[in-house]
Amino acid sequence: MKVLVTGGCGFIGSNFVRFALESRPAWRVVNYDLLTYAGNLENLAGVAEGGRYRFVRGDIVDKAAVKQVMEAERPEAVINFAAESHVDRSIKEPERFVQTNSVGAQVMLSLAREYGVRRFLQVSTDEVYGALGATGKFTEQTPLAPNSPYAASKAAADLLCRAACHTFKQDVVITRCSNNYGPYQFPEKLIPLMISNALEDKPLPVYGDGKQVRDWLHVWDHCDAIAAALERGKAGEVYNIGGNNEWENLDLVKLLLKHLGKPESLIKYVADRPGHDRRYAIDQTKIARELGWQPRYTFEAGLGETIAWYQANRPWWERIKSGEYRKYYAEQYSSVAKQG
Ligand code: NAD
Ligand code: TYD
């Protein structure tokens with residue numbers, strides 16, 4: 001089977017390319033990625049081009065370019081990972097998120113249909129459901145109520161997928177996953193930001209009271225769930241994917257510091273994110289029951305491995321942090337940036 005993966009140079013996409021090449025010997029993978037600030041060819045270092053893997057640089061919003069890759073490759077399946085993925089950036093630049101996450105998803109859907117792609121998998125997020133209070137979990141029936149521009153642009157894509165299924169009987173599956181962690185995650189996201197800052201003895205900026213809750217899943221388990229949904233999911237269905245692993249941000253940051261042998265005095269409370277969602281938690285009964293998927297990583301093992309990866313791959317994140325990232329960091333974290 002030939003699978004066109006978009007966004008395969010980002011965090012989850014690059015893990016997925018490796019996962020697919022390792023676990024699905026009959027697949028050939030084409031990676032279509034624009035290489036934005038978040039896309040990094042180093043994430044696929046050691047993955048040989050030719051044979052079962054090919055990289056094509058391009059924009060999912062650019063219809064002519066997508067057409068060209070469809071024409072040349074004739075994939076049987078498309079997995080749409082490509083997105084602007086960071087909530088804080090979406091607050092500053094919502095239009096870019098609508099372009100990539102909503103318009104780009106529609107371009108991919110339309111051309112997948114035009115070129116007879118058998119199945120389209122949209123990689124979505126639990127953030128489309130909005131926020132939870134202290135109890136309850138998101139099920140696939142939870143109404144969409146996105147709160148950030150990022151979440152709204154992803155929810156729009158989910159609705160366009162639904163419409164394609166309904167109107168054109170296109171075979172589309174949507175997965176909605178909770179927060180991922182693991183190797184190659186861009187150090188703007190909570191876990192790699194905190195690990196890399198701690199390794200540099202820089203302040204760890206915790207938003208608001210730090211009592212927000214996220215449900216953490218190892219990226220490799222997410223990849224396994226996406227492959228299961230592509231291979232065995234039912235057309236038109238949504239599958240929630242979660243780790244059953246809720247953590248308050250502050251407790252998680254303290255745990256990271258403990259692992260790294262660094263003092264809690266590095267924690268610095270900073271202004272809260274506008275509209276910050278309080279709690280996410282996923283009910284993953286459906287994917288467990290219907291597709292037999294379960295996470296394999298314990299948080300202890302996954303986090304230990306992840307910390308070890310950031311310790312061993314210091315040049316990878318140091319290079320990122322020394323470039324354009326510095327300007328972003330200075331603007332986003334003006335209250336602590338001067339200290340670090
Ligand atoms: P990321 O920001 O690390 O990577 C995004 C990738 O998409 C980059 O390689 C970038 O170059 C590429 N890209 C961006 N705009 C593009 C465009 N217009 N055309 C082609 N390529 C483009 O993101 P990630 O964390 O790997 O997330 C991947 C997907 O998973 C996203 O759709 C995101 O919404 C979803 N998701 C992420 C998480 C998470 O915890 N990170 C959780 C659930 C769902
Ligand atoms: P993030 O990794 O941005 O994922 P998301 O907002 O998509 O869930 O953030 C995870 C949590 O960590 C979220 O509640 C915001 C919080 N956070 C901080 O407290 N400080 C930070 O510097 C960042 C980036 C996030």
Side-chain angles (χ1 to χ4, degrees), residues 5-17 31-41 43-44 56-62 65-66 69 79-91 96-97 99-101 103-105 107-108 122-128 131 147-148 150-151 153-154 157-158 175-182 184-194 197 203-217 219 222-223 226 241-242 247-250 252-253 267-273 275-280 282 329 332-333 336:
V5 163
T6 68
C9 295
F11 162 49
I12 304 174
S14 63
N15 276 284
F16 187 83
V17 169
N31 171 12
Y32 183 75
D33 193 300
L34 183 58
L35 297 178
T36 66
Y37 81 93
N40 186 347
L41 284 173
N43 294 0
L44 287 164
V56 179
R57 186 174 188 178
D59 187 346
I60 59 165
V61 180
D62 180 345
V66 176
V69 75
I79 308 179
N80 188 34
F81 290 95
E84 287 292 339
S85 67
H86 193 40
V87 173
D88 293 322
R89 292 186 192 251
S90 81
I91 294 166
R96 184 188 295 281
F97 282 67
Q99 276 302 315
T100 300
N101 299 358
V103 178
V107 168
M108 291 308 302
Q122 172 65 11
V123 180
S124 186
T125 163
D126 61 353
E127 303 194 24
V128 298
N147 289 322
S148 70
Y150 162 69
S153 65
K154 293 291 291 184
D158 286 13
T175 56
R176 295 188 181 137
C177 191
S178 62
N179 289 65
N180 284 213
Y181 70 96
Y184 302 104
Q185 187 167 29
F186 196 87
E188 66 191 351
K189 305 288 190 333
L190 182 76
I191 289 183
L193 175 72
M194 297 300 170
N197 276 17
L204 272 49
V206 169
Y207 294 160
D209 62 4
K211 301 256 180 229
Q212 304 82 8
V213 174
R214 295 294 183 264
D215 173 2
W216 293 94
L217 180 74
V219 63
H222 186 192
C223 293
I226 288 171
I241 305 165
W247 281 83
E248 278 187 8
N249 292 339
L250 191 56
L252 177 52
V253 171
I267 294 174
K268 293 284 177 286
Y269 292 93
V270 299
D272 207 353
R273 171 187 282 172
H276 198 167
D277 283 340
R278 197 67 179 166
R279 175 171 167 262
Y280 302 143
I282 278 276
Y329 195 82
Q332 178 66 21
Y333 299 99
V336 297

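Just follow the structure's listing: the first ligand is 1, and inside any ligand the first atom is 1. Because only heavy atoms are used, hydrogens play no part in the values below, and waters and symmetry mates are left out as well, while side chains stay in. The first residue of the sequence shown is numbered 1, and numbering continues consecutively from there.
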Checklist entry - When the ring planes of Phe81 and Phe16 are compared, do they come out parallel, tilted or perpendicular, using 30° and 60° as the limits? => result tilted
Checklist entry - With a 4.0 Å cut-off on heavy atoms, is Tyr333 touching ligand 2? => result yes
Checklist entry - Around Arg273, counting heavy atoms of other residues, nucleotides and ligands shown, do more than 12 lie under 6.0 Å from its CZ? => result yes
Item to check | Check: Val219 main-chain N/O paired with Asn180 side-chain donor or acceptor under 3.5 Å | outcome: no
Next on the checklist: Do Ile241 and Ile282 make a side-chain contact, defined as non-hydrogen atoms from C-beta onward lying under 4.5 Å apart?
Outcome noted: no
Checklist entry - Any side-chain heavy atom of Ile60 sitting closer than 4.5 Å to one from Leu34? => result no
Item to check | Atoms in ligand 2 with a heavy atom of Lys189 nearer than 4.0 Å | outcome: 2 (O)
Checklist entry - Looking just at side-chain N and O atoms, do Tyr181 and Arg214 make a donor-acceptor pair shorter than 3.5 Å? => result no
Item to check | Any side-chain heavy-atom pair of Tyr329 and Leu193 under 4.5 Å | outcome: yes
Checklist entry - How far is atom 16 (C) of ligand 2 from its nearest protein heavy atom, and which residue and atom is that? => result Asn249 ND2, 3.4 Å
Checklist entry - Which ligand 2 atoms, with their elements, are less than 4.0 angstrom from a heavy-atom of Asn179? => result 4 (O), 5 (P), 8 (O)
Next on the checklist: If you measure every N or O of Arg214 against every N or O of ligand 2, does any of those distances drop under 3.5 Å?
Outcome noted: yes
Item to check | Proximal ligand 2 atoms for His276, defined as those under 4.0 Å from one of its heavy atoms | outcome: 13 (C), 14 (O), 15 (C)
Checklist entry - Would you say the side chain of Leu190 lies within less than 4.5 Å of the side chain of Trp247, judging by non-hydrogen atoms? => result no
Checklist entry - For Cys9, does its backbone N or O pair with a side-chain atom of Asn43 as donor and acceptor, under 3.5 Å? => result yes
Item to check | Polar side-chain atom of Asp272 near backbone of Asp209 as donor-acceptor pair, under 3.5 Å | outcome: no
Next on the checklist: Under 4.0 Å from a heavy atom of Val87: which atoms of ligand 2 are those, numbered in the order shown and with their elements?
Outcome noted: 6 (O), 7 (O)
Checklist entry - Would you call Lys154 and Asp126 a salt bridge, using N to O less than 4.0 angstrom? => result no
Item to check | Closest protein heavy atom (residue, atom, distance) for atom 2 (O) of ligand 2 | outcome: Leu190 N, 2.9 Å
Next on the checklist: Within the 4.0 Å heavy-atom shell around Val206, which atoms of ligand 2 are there?
Outcome noted: 19 (O)
Item to check | Heavy-atom side-chain proximity of Thr125 to Arg176 below 4.5 angstrom | outcome: no
Item to check | Distance-only side-chain donor-acceptor flag, Tyr280 / Glu127, under 3.5 Å | outcome: yes
Checklist entry - Hey, which residues fall under 4.0 Å of ligand 1 on heavy atoms? => result Gly7, Cys9, Gly10, Phe11, Ile12, Asp33, Leu34, Leu35, Thr36, Ala38, Gly39, Gly58, Asp59, Ile60, Phe81, Ala82, Ala83, Ser85, Thr100, Val123, Ser124, Thr125, Tyr150, Lys154, Cys177, Ser178, Asn179, Asn180
Checklist entry - Any idea which protein heavy atom is nearest atom 19 (O) of ligand 2, and the distance to it? => result Tyr207 N, 2.9 Å
Next on the checklist: If I apply the N/O under 3.5 Å rule, does Pro205 come out as touching ligand 2?
Outcome noted: yes
Checklist entry - Is there a nitrogen or oxygen of Asp277 sitting under 3.5 Å from a nitrogen or oxygen of ligand 2? => result no
Checklist entry - Given Phe186 and Phe11, is the side-chain contact (heavy atoms from CB on, under 4.5 Å) satisfied, shown in steps? => result CA-CA 7 Å; Phe186 196 87; Phe11 162 49; 5.8 Å; no
Checklist entry - Would you say ligand 2 has an N or O under 3.5 Å from any N or O of Glu188? => result no
Next on the checklist: For the backbone of Asp59 and the side chain of Tyr32, can you confirm whether one donor and one acceptor N or O come within less than 3.5 Å of each other?
Outcome noted: yes
Checklist entry - Hey, is ligand 2 close enough to Asp88 that some N/O pair sits below 3.5 Å? => result no
Next on the checklist: Under a 4.0 angstrom heavy-atom cut-off, which atoms of ligand 2 come close to His86?
Outcome noted: 3 (O)
Checklist entry - For ligand 2, which atoms have a heavy atom of Glu127 less than 4.0 angstrom away? => result 5 (P), 7 (O), 8 (O)
Item to check | Protein contact to atom 6 (O) of ligand 2 [nearest heavy atom, distance to 0.1 Å] | outcome: Arg273 NH1, 2.5 Å
Next on the checklist: Show me which atoms of ligand 2 lie under 4.0 Å from any heavy atom of Tyr280.
Outcome noted: 8 (O)
